[in-house]
Amino acid sequence: MSDTNTPAIACRGARKVFGGAVAVAGADLVVRAGEVHALVGENGAGKSTLLGMVSGRLGADGGTVEVFGHRMHGGNPRESRERGLVAVYQELTMVPGLTAEANVFLGQVRTRHGLLDGRAMRRRYLELCAELEIDVPPTALARDLSVSQQQMLEIMRGIESNGRVLVLDEPTAALAEHERDTLYRILRRLTARGTTIVFVSHNLDEVLDLSDTITVLRDGHVVRSAPRGEWTKPTLIEHMVGRTVDRLAERGTHPFGAEVLAARGVRLPGVLHDIDVTVRAGEIVGLWGLVGSGRTTFLRSLAGAEPASSGELRLLGEPVPWPRSVRQAVGRGVVMVPESRKQALVLGMDGTSNYWLGRGGRRIFLDRRTERVEAGETADFFAFKRSRIGEPVRNLSGGNQQKVLLAKWAGHEPDVFLIDEPTRGIDIGAKAEVLTSLVRLAAEGAAVVVTSSELEEVLAIANRLLVFAHGSVVREIPSDDPEFNVDAVVRHGFSTGETHEPVH
Amino acid sequence: MNPSTELSPAGAVAAVPAPERASLAPLASRFAMIAVLIGLVVLASILYPGFLAPANLRDLLLQNTAVGIVALGMTFVIISGGFDLSVGATYALGATVSAGVAISTGSPVAGIVAAVLAGLVCGVANGILVARVGINPFVATLGSASVISGVAYLYSSSAPFIVSDADFKILARSSVAGVPTPILVLVVTFVIGGIALAMTRYGRNIYAVGGNHEAGWLSGLRVKDLTASVYVLTGVLAAFAGTIDASRLGVGQADVGANIALDAIAIVIVGGTSLRGGEGAVWRSAVGLLIFATLTNLFYSLNLSQNWQLIAKGTIVLLAVALDSWSRNRRS
């Protein structure tokens, strides 16, 4: 089929745009047959999108993607599958009610005289288990298996379909320590039989441990692709984060007022462990951490959107019960601007209606004119063109949707703003406007807590930064601390807890 | 279809020039059903010259008053992203209870009040099942339909209640200023419903719940209560529609209303309200109702069999749903 010189995967200038936001901007990537290739980068660097194009789930908007020399048309995972490329996504594709064995042979059953050949499938299943040193009983129902075991079945399914390239998107993110070791062992067995492996991971230790080649992505570009031997953990981080950061916004210079929000011992079983935070009027506190570090869940807990969370809360110096619903939190002047605009806006409604959703006091009838005027005025504060407030939110760009969303919550005139990922997927101009408006909110006396996976942006406007890792705050850094820089923060964010260095 | 301008007619005259793609195609699909209605009326008056005669139009509306009132409630349910299959049973319960109570108390008013209360109970039960217990609306109301129907049969001992009191027929047989009372009731409920949905805070919250449940919840709406409320409304309207029917016939029995649920859903969908929730309007259901009424009337006056009527109605519903899916797929 293919000689050894044909790369397993070759991307040239691959490009993908989602509704105006460039996810991958012309990436070149070559994965040699038989190697283990890792893709690393910050959140939003374009790793998963690039994998999506390689696996055929997404079609490239520009450039070419080839699998074993075959040019992909994209938009159909079947195309790459026929070339022997198997993708294992974070969302696993098991049929919960079927047995482990049936799941492995899903869509590729063995038959004899037109009937299922149970004996042959059982033999092959046990063979695969032995080969990969996997121990999952064939008759166990998929719904009773752990994530790790389901992932193993998914890999077995790929091998059974003659997979020669295995693509894994953050395979260890959901696994416990000992399960990771099992996965590493399976991957090594696969490499030994000549399978090519491409994977995305945030765990730099495992990347350095497993890979033959490591490619770093940043802002949709491939920064550097080089053999394992040329990388160290610090150089990886340096390439991931980059050096050139434009100043998007200026930190406020206004003085702070009294303490507005103080939360103690915030916990959510299995996710958050004893987190404390205090925010004063006029202060912007940034939260940063990797995906899964708990920063978003923490924000949602403060906003009443995680009813299972618990903790002690003081607002404006008064102790109040822990919020059990968004409604409660909003009633006490704590609002959350959620991460996903698609989740937080009714896309079919216009800006004005979205702005007023969930409030308006005792009036029964709507007063469109007054509503439009106030919505427009508030949106103006966020550099939103007032004349567009009557348009369906669906027609607005990501940046403008974000401004409507911010205005909607600013309209509540809250004491505390919890803002999750305000700049995700919006263009650079809108980013600057959004960040500047957050500083202005703080200058007018609001207490602001903001998370972003774009660390430079948080550092640009925050007065204090909390670094999250594994559901805890591993570090609190004021803006005048020498550690208030990208390198130091990322180092703390990647710390695994055990290897975490003591203070100073 | 452009749902936001649907919410706010005033939005159309905003200072913004409409973006170029909002030119003709969406407008055409937005008002497609009005065009269908006009075409149908023209066709009907050609095929059946007596179609536009006042007496015929009055009959046409009278025959469809009950299903129209049910369809109004269904509009709320579908826009909220739900579904109610139990309206037929509630309708039958309303008919039996109104007649039964009118006989046992000797007061037609007591009958109507009792029927509406029964509908309220059915609606609250559906609302709890869907919003609190969290059962899929389709299954919840299919189940409750069976229970409600059983209760109606039990209450009436499976026999029709024949009301001899002439006052019982006043609701359906009287008229105000020459307009039959049921038609007046139909128009008034549609106007109130239309205002409630398009111009009140409650109405907008219903759109939000159907359009994006999560966004509503994150905005601090009482999503569960709002969801439950549409079933309560529908239950009351369905039972009330049943009393009108019982009053017209002077008889209340438990085996009426078999087609009501599907007809009401069909009317809502044909008008152009999206089955996926969050989009639609009361005026659309009014258009859907008139399309259906015209079609039925035409079939009767041409002496075509009931069977052809079923086929034609089904085809129209499928076409309307296909149009909805098609316009959505194109947008995404």
Side-chain angles (χ1 to χ4, degrees), chain A residues 19 300 303-305 323 325-331 334-369 371-372 376 385-396 405 408-409 411-412 420, chain B residues 1-22 26 79-81 192 195-226 273-274 276-281 328 331-332:
Chain A
R300 286 173 57 88
S325 72
V326 174
R327 201 180 166 81
Q328 263 177 23
V330 170
V334 179
V335 304
M336 177 177 63
V337 184
E339 174 174 21
S340 161
R341 294 184 287 272
K342 286 215 165 60
Q343 225 174 56
L345 292 168
V346 184
L347 296 178
M349 281 184 173
D350 64 8
T352 308
S353 302
N354 268 294
Y355 176 89
W356 285 97
L357 196 63
R359 68 205 169 88
R362 274 161 286 118
R363 281 185 305 125
I364 292 174
F365 287 97
L366 305 174
D367 179 353
R368 299 285 311 178
R369 191 171 307 266
E371 282 192 356
R372 190 190 305 273
K385 267 214 198 75
R386 202 184 285 220
S387 58
R388 299 195 66 187
I389 197 81
E391 278 185 56
V393 172
R394 184 183 278 125
N395 295 352
L396 300 176
L405 193 55
K408 167 192 160 85
W409 288 110
H412 284 77
D420 199 9
Chain B
M1 201 187 332
N2 186 333
S4 89
T5 41
E6 194 129 80
L7 282 173
S8 63
V13 291
V16 215
E20 72 277 22
R21 73 172 202 89
I79 288 178
S80 80
I192 294 176
I195 290 173
L197 202 50
M199 293 165 71
T200 67
R201 175 148 289 109
Y202 170 75
R204 185 181 289 166
N205 291 345
I206 296 297
Y207 279 99
V209 168
N212 190 341
H213 196 268
E214 181 92 7
W217 181 68
L218 288 173
S219 300
L221 296 185
R222 297 179 197 273
V223 172
K224 286 181 179 174
D225 294 351
L226 284 166
T273 291
S274 172
R276 291 167 221 218
E279 293 177 13
R328 265 186 196 257
R331 191 160 58 205
S332 61

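Within every chain, numbering begins at 1; the chains are lettered A, B, ... in the order of the sequence lines, protein sequences first and strands thereafter.
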query = Given the options B:Ser219, B:Ala196, B:Gly220, which has more heavy-atom pairs under 4.5 Å with chain A than any of the others?
reply = B:Ser219
Chain B interface, residue from [options] that has the most non-hydrogen pairs under 4.5 Å:
options                                : answer
A:Ala305, A:Ala303, A:Ala329           : A:Ala305
A:Val326, A:Val335, A:Val393, A:Asp367 : A:Val326
A:Gln328, A:Arg300, A:Glu371           : A:Glu371

query = Does B:Asn212 reach the main-chain N or O of A:Gln343 with its side chain, forming a donor-acceptor pair under 3.5 Å?
reply = yes
task = Identify the heavy atoms of A:Leu357 and B:Gly216 that sit nearest to each other, and give their distance.
result = CD2-CA, 4.4 Å
query = Contact part of A:Lys385 toward chain B, heavy-atom cut-off under 4.5 Å: side chain, backbone, both or neither?
reply = neither
Give, for atom [atom1] of [X] and atom [atom2] of [Y], the distance between the pair rounded to the nearest 0.5 Å.
X        : Y        : atom1 : atom2 : answer
A:Leu366 : B:Arg204 : CG    : CZ    : 4.5 Å
A:Leu405 : B:Leu218 : CG    : CG    : 9.5 Å
B:Glu214 : A:Lys342 : CD    : NZ    : 14.0 Å

query = Heavy-atom count around A:Arg386 CZ within 6.0 Å, excluding the residue itself: above 12?
reply = yes
